[in-house]
Amino acid sequence: MSGLLAGKRLLVTGVITDASIAFSVAKLAQENGAQVVLTGYGRLSLVERIAKRLPEPAPVIEVDVTNTEHLAGLADRVREHVDGLDGVVHSIGFAPQSCLGGGFLDAPWEDVATALHVSTFSYKSLAMAALPLMLPGGAVVGLTFDATKAWPVYDWMGVAKAGLESASRYLAMHLGKQGIRSNLVAAGPLRTIAAKSIPGFDQFEDAWAERAPLGWSLTDQEPAARACLALLSDWFPATTGEIVHVDGGYHAIGS
Ligand SMILES: NC(=O)c1ccc[n+]([C@@H]2O[C@H](COP(=O)([O-])OP(=O)(O)OC[C@H]3O[C@@H](n4cnc5c(N)ncnc54)[C@H](O)[C@@H]3O)[C@@H](O)[C@H]2O)c1
């Protein structure tokens with residue numbers, strides 16, 4: 001077997017359509033020698049259908065990251081397909097509509113709590129659920145949207161991402177002793193289901209393509225996926241708690 005991830009066994013969450021960032025990660029990972037197990041949430045038959053579009057049809061395990069039973073059973077369910085894990089990809093985000101699109105000042109705590117549970121706390125929960133399968137050299141990788149700034153319409157999702165970025169650093173600290181890395185990819189805007197559910201998300205789109213020094217494609221998930229692969233590989237052995245921007249360079253440019 002050859003490729004950047006030759007022989008690696010990965011758990012990839014977050015596939016819901018073939019536009020999902022996670023789908024590109026799973027596809028590229030398989031093309032680069034990895035064995036992939038997917039998790040699906042909600043519409044499982046849809047995820048199973050999408051999984052068949054991968055170069056190698058991948059098994060799908062049901063995981064709602066807010067469901068403690070799903071998390072407790074995760075390692076056993078994964079073991080039905082692979083005997084261990086070298087990497088885990090967290091590609092999950094959700095916030096109720098009240099939390100997005102300018103609703104920052106009015107969103108009720110119950111909705112904000114849901115956003116934080118699914119988008120922030122789950123990074124730690126998922127990693128811990130998979131930990132019994134992992135050995136030194138393993139990697140956890142998640143997806144963020146640069147949370148150092150307040151963005152129009154992103155509202156509580158931005159706060160959830162700031163928490164995710166911090167949670168990744170804490171995970172790096174706590175799992176470092178076991179030789180496990182935690183890193184994030186900060187992707188620019190991509191037209192996925194999650195992005196389309198944010199009212200006014202199109203505001204980012206033109207500005208990004210115009211301002212990013214390298215330009216930016218809203219429909220090309222591969223650059224973000226490639227960075228995930230690199231962080232999952234053995235080529236970042238001493239990097240943890242890091243955030244790699246895959247945004248055409250937008251974050252580096254003042255307005
Ligand atoms: N699309 C963008 O512009 C963009 C930019 C930067 C970061 N991201 C991040 O990338 C990640 C993947 O999103 P995407 O853009 O590919 O969209 P997507 O809609 O394809 O993926 C989001 C996934 O989250 C899953 N999910 C939601 N609630 C869940 C739960 N309770 N349990 C388990 N899974 C759950 C959905 O099933 C879906 O597969 C998210 O963290 C998102 O915030 C997206």
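What you see is a predicted model, and the numbers here were worked out from it, not measured in a lab.
In this structure, the separation between CG on L229 and CG on L4 is 5.5 Å, given to the nearest 0.5 Å. Between atom CG of residue L184 and atom CG of residue L171 there is a gap of 9.5 Å, rounded to the nearest 0.5 Å. For the atom pair T17 OG1 and R49 CZ, the distance stands at 11.5 Å (nearest 0.5 Å). Taken to the nearest 0.5 Å, the CD atom of Q35 stands 9.0 Å off from the CG atom of L10. Atom CG of L175 sits about 8.0 Å away from atom CE of M134, to the nearest 0.5 Å. In this structure, the separation between CZ on F204 and CG on D202 is 10.0 Å, given to the nearest 0.5 Å.
Cluster membership check: L38 shares its hydrophobic cluster with V141, using side-chain heavy-atom separations under 4.5 Å among Ile, Leu, Val, Met, Phe, Trp and Tyr. I50 and L54 end up in the same hydrophobic cluster when Ile, Leu, Val, Met, Phe, Trp and Tyr side chains are linked at under 4.5 Å. In this structure, W109 is not a member of the same hydrophobic cluster as F121, with clusters built from ILVMFWY side-chain heavy atoms closer than 4.5 Å. L164 and V25 are not part of a single hydrophobic cluster, where members link through side-chain heavy atoms under 4.5 Å apart. With hydrophobic clusters built from ILVMFWY side chains whose heavy atoms lie under 4.5 angstrom apart, L231 does not share a cluster with I243.
By the neighbour-count criterion of 12 heavy atoms within 6.0 Å, atom CE of M173 is densely surrounded, having more than that number from other residues, nucleotides or ligands. Counted within 6.0 Å of CD on E80, heavy atoms from surrounding residues, nucleotides or ligands total more than 12; the atom is thus considered enclosed. Around the CZ atom of R79, the shell of radius 6.0 Å holds more than 12 heavy atoms that belong to other residues, nucleotides or ligands.
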Task: Check against salt bridge (Lys or Arg N to Asp or Glu O under 4.0 Å), E205 and R191 - done: CA-CA 9 Å; E205 298 190 344; R191 284 190 189 141; 2.7 Å; yes

Open item on the list: Let's go through R9 and D83 carefully: what are the C-alpha distance in whole Å and the side-chain angles of both, what is the deciding distance for salt bridge (Lys or Arg N to Asp or Glu O under 4.0 Å) to 0.1 Å, and is it a yes or a no?
Closed with: CA-CA 9 Å; R9 302 148 302 175; D83 53 6; 2.7 Å; yes

Open item on the list: Would W216 and Y250 count as a ring-ring contact (aromatic ring centres under 6.0 Å, His included) here? Give the steps.
Closed with: CA-CA 9 Å; W216 182 250; Y250 186 96; 9.3 Å; no

- [ ] Given side-chain contact (heavy atoms from CB on, under 4.5 Å), test Y123 with V140 step by step and report yes or no.
- [x] CA-CA 9 Å; Y123 188 69; V140 185; 3.6 Å; yes

TODO: Let me see the working for I16 and Y41 under side-chain contact (heavy atoms from CB on, under 4.5 Å), right down to the final yes or no.
DONE: CA-CA 8 Å; I16 190 70; Y41 164 67; over 6 Å; no

- [ ] With side-chain contact (heavy atoms from CB on, under 4.5 Å) as the test, would you mind laying out the steps for L232 and D86 before giving the verdict?
- [x] CA-CA 8 Å; L232 291 163; D86 304 291; over 6 Å; no

Task: Derivation of the side-chain contact (heavy atoms from CB on, under 4.5 Å) call for Q221 and S20 - done: CA-CA 8 Å; Q221 276 67 330; S20 295; over 6 Å; no

Open item on the list: Assess the residue pair F94 and W156 against the criterion (ring-ring contact (aromatic ring centres under 6.0 Å, His included)); give the C-alpha distance rounded to whole Å, side-chain angles, the decisive distance to 0.1 Å, and a yes or no.
Closed with: CA-CA 10 Å; F94 172 75; W156 285 102; over 10 Å; no

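The two residues A230 and S233 come nearest to each other via the heavy atoms O-OG, 2.7 Å. Contact between R169 and G241 at its shortest, heavy atoms only, is CG-O, 3.7 Å. Of all heavy-atom pairs spanning D18 and R53, the tightest one is OD2-NH1, 2.9 Å. Smallest separation of non-hydrogen atoms from T219 and L190: N-CD2, 4.4 Å. Across every non-hydrogen atom of P199 and L100, the tightest pair is CD-CB, 4.0 Å. Closest of all the heavy-atom pairs between T240 and A172 is OG1-CB, 3.2 Å.
Using a 3.5 Å distance cut-off with no hydrogens or angles, the side chains of H90 and S122 do pair a donor with an acceptor. With no hydrogens or angles considered, no side-chain donor-acceptor pair links S24 and E222 at under 3.5 Å. For S182 and Y170, the side-chain atoms include no donor-acceptor pair closer than 3.5 Å.
T114 places a side-chain N or O within 3.5 Å of a backbone atom of E110 that can act as its donor or acceptor partner. With D64 contributing its side chain and H70 its backbone, the two residues share no donor-acceptor pair below 3.5 Å. Under a 3.5 Å cut-off, the side chain of T120 and the backbone N or O of A160 do form a donor-acceptor pair. A donor-acceptor pair is defined here as one N or O able to donate and one able to accept, closer than 3.5 Å; such a pair exists between the side chain of T13 and the backbone of S91. The main-chain N or O of A195 is found under 3.5 Å from a side-chain atom of T192 such that the two form a donor-acceptor pair.
Contact check on D234 versus K8 returns a salt bridge, with a Lys/Arg side-chain nitrogen under 4.0 Å from an Asp/Glu carboxylate oxygen. Using a 4.0 Å cut-off between charged side-chain N and carboxylate O, E62 and R77 make no salt bridge.
At a threshold of 4.5 Å between non-hydrogen side-chain atoms, the residues K149 and W151 count as touching. Side chains of V88 and L126 form a contact here, defined as non-hydrogen atoms less than 4.5 Å apart. The shortest side-chain heavy-atom distance between E56 and V36 does not fall under the 4.5 Å cut-off. The side-chain heavy atoms of M157 and S119, taken from C-beta on, include a pair separated by under 4.5 Å. The shortest side-chain heavy-atom distance between L131 and Q178 falls under the 4.5 Å cut-off. Taking the side chain as every heavy atom from C-beta outward, T39 and V60 never approach each other to under 4.5 Å. V37 places a side-chain heavy atom less than 4.5 Å from the side chain of V82.
For the side chain to side chain contact (heavy atoms under 4.5 Å, CB included) with Y154, the lone residue among V159, D146, I198 that qualifies is I198. Considering D155, D106, D111 in turn, D111 is the only one that fulfils the side-chain hydrogen bond (donor to acceptor under 3.5 Å, both in side chains) rule with S98. In summary, of the residues considered (K161, E165, H245), a side-chain hydrogen bond (donor to acceptor under 3.5 Å, both in side chains) with T144 occurs for E165 alone.
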